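None of the values given here were measured: they were computed from a predicted structure.
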There are 2 protein chains.
Amino acid sequence: MTDATGAGDAIRVAVSTVIFSLRTAEDGDRLMLPLVRRTRTPHLGQWALPGGWLDPAEDLDAAASRTLAETTALKPSYLEQLYTFGDVDRAPTRAISIVYWALLRSDLVDAQRAAAGAPENVEWFDVDAMPPLAFDHNRIADYALWRLRNKVGYSRIAAGLLPDEFTLTELREVYETVLGQRLDPSNFRRLLEGSDELVPTESFRTGNHRPARLFRYVASA
Amino acid sequence: MTDATGAGDAIRVAVSTVIFSLRTAEDGDRLMLPLVRRTRTPHLGQWALPGGWLDPAEDLDAAASRTLAETTALKPSYLEQLYTFGDVDRAPTRAISIVYWALLRSDLVDAQRAAAGAPENVEWFDVDAMPPLAFDHNRIADYALWRLRNKVGYSRIAAGLLPDEFTLTELREVYETVLGQRLDPSNFRRLLEGSDELVPTESFRTGNHRPARLFRYVASA
DNA sequence: ACAAAAGTGTTTACTGTACACCCATGA
DNA sequence: TCATGGGTGTACAGTAAACACTTTTGT
């Protein structure tokens, strides 16, 4: 940056978000993301990532949250910047997209839809069955999914898909759904119990069989 | 993104680069980065990261390379997008900075300076002794350094700081300088030799003692 | 011959994984 | 009492760290 009055003209700045959640399907929970059907050219009628233009008076994170709420009525449980896409030919006229990725607790999806009224032109898609998207959004969604799967391996990010309290089996199933592979229940238990980030509560989830202890993540580890 | 004619006005887009190289100091090689002294307001006279405004007709990577060359006459050996900084109050008037981080082979620094003529207002600083920088550039430089140290641990990125061929001791010293800690020579050797990414050559580095075999990284692993 | 760096071998501890097994509950 | 998921114990394999040791060169 050399000046505050330079030649920054004619470049429009968009902010988009790839937001994941777990949604119940025929064969158990699936990792899904909401898409918005475009109502304008270019790519009119095609599915696209939720987003909008950056307002000159708002921070980037705020723009991601605002445009996500405006298009889908959803508020993310976790939000992180992903990458800025800016190839000259990615849209008919020059536009760069600052893309965020986000997680939404599964227990909040329907509550938020109910509170805001189901928005038009929004539909959830399984990450393993994505339609063709507008612009370079397929590439963007793939990259976000890669980052999510990567980060699940070395952080407690998966908690962003669950309520505050959960059983170890529920947490393991989140990992299994996101990563697309089975994990050994006993080893998973030891790994997470020994991590000092997970604390047992005195509550139990009761069901068909032996009750399972509920856990929560520590506040600020 | 909802439209190609939206309200993206009044937001200027800059591209900056944090480029690292190894430079010889009194106490051995140090990890350093070049800064540019500002010749305009705001922050006139302060040190800042090399960069410039994004041209509407160029890709983001190209803008990073171009602005780096214009301000420092350097061409990176490795270049990767870091993060986009866009807080409303990070500059007097709204400007977002798409920041890249880069590595420069130590054998090319002086060659490039000689070829292009030493640029004005550029100086190299030890990453452990940074001056106060313009805007939020201290925070940006810190983040880039964190990313470099992180990535050195799980990738062969360190090769971007060395010539094509090098001894294992030279490579280990790069790791030690970047990470700021000593590594066991024999364990380092076994780890890297067994990685299938490093291939031995028939050349040797001759010196005061037993000659050391030169290695190179495989082309496309 | 000696110093110093190059390079090899061995021991130990730790971590991830597989899997056998016991426990507690609802039906 | 039985089926099922909750939860514990153990054994094995692969990897990382520590460090003793041998090899090869210049002086």
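Between B:Tyr143 and B:Trp146, the ring planes lie parallel to each other; the angle is under 30°, not in the 30° to 60° tilted range.
With sequence neighbours excluded, the residues satisfying salt bridge (charged side-chain N to carboxylate O under 4.0 Å, His left out) with A:Asp126 are A:Arg30. B:Glu176 meets the salt bridge (charged side-chain N to carboxylate O under 4.0 Å, His left out) test with B:Arg172, B:Arg182; sequence neighbours excluded. Partners of B:Gln181 under the side-chain contact (heavy atoms from CB on, under 4.5 Å) rule, at least two apart in sequence or in another chain, are B:Leu179, B:Leu183. For A:Asp87, the salt bridge (charged side-chain N to carboxylate O under 4.0 Å, His left out) criterion is met by no residue, not counting sequence neighbours.
Taking atom CZ of residue A:Arg205 and atom C1' of nucleotide D:dG7, one finds them 17 Å apart after rounding to whole Å. Atom CD in A:Glu170 sits roughly 11 Å away from atom P in D:dG7 (whole-Å rounding). Atoms CG (A:Leu192) and C1' (D:dG6) sit 15 Å apart, rounded to a whole Å. We find that CZ of A:Arg213 is positioned 16 Å from C1' of D:dG5, with the value rounded to whole Å. B:Phe204 places its CZ atom 17 Å from the P atom of D:dT23, with the value rounded to the nearest Å.
Heavy-atom distances to DNA chain D give each of B:Arg210 and B:Thr206 a nearest nucleotide, and the one nearer the 5′ end belongs to B:Arg210.
None of B:Val18, B:Leu33, B:Leu31 except one satisfies the side chain to side chain contact (heavy atoms under 4.5 Å, CB included) rule with B:Leu145; the exception is B:Leu31.
Counting only heavy atoms from C-beta outward, the side chains of A:Pro76 and A:Leu104 never approach each other to under 4.5 Å.
Residue-level contact check: B:Leu191 touches the backbone only, with heavy atoms under 4.0 Å from sugar-phosphate atoms and none from bases.
Only B:Ser186, B:Arg189, B:Arg190, listed by number, bring a heavy atom of residues 182-190 of chain B to less than 4.0 angstrom from any atom of DNA chain C.
Where DNA chain C meets chain A (any atom under 4.0 Å from a heavy atom), the bounding nucleotides read 5' to 3' are C:dG16 to C:dG26.
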Item checked: Audit row: B:Phe215, B:Thr167, side-chain contact (heavy atoms from CB on, under 4.5 Å) steps and yes/no -> CA-CA 6 Å; B:Phe215 289 78; B:Thr167 69; 6.0 Å; no

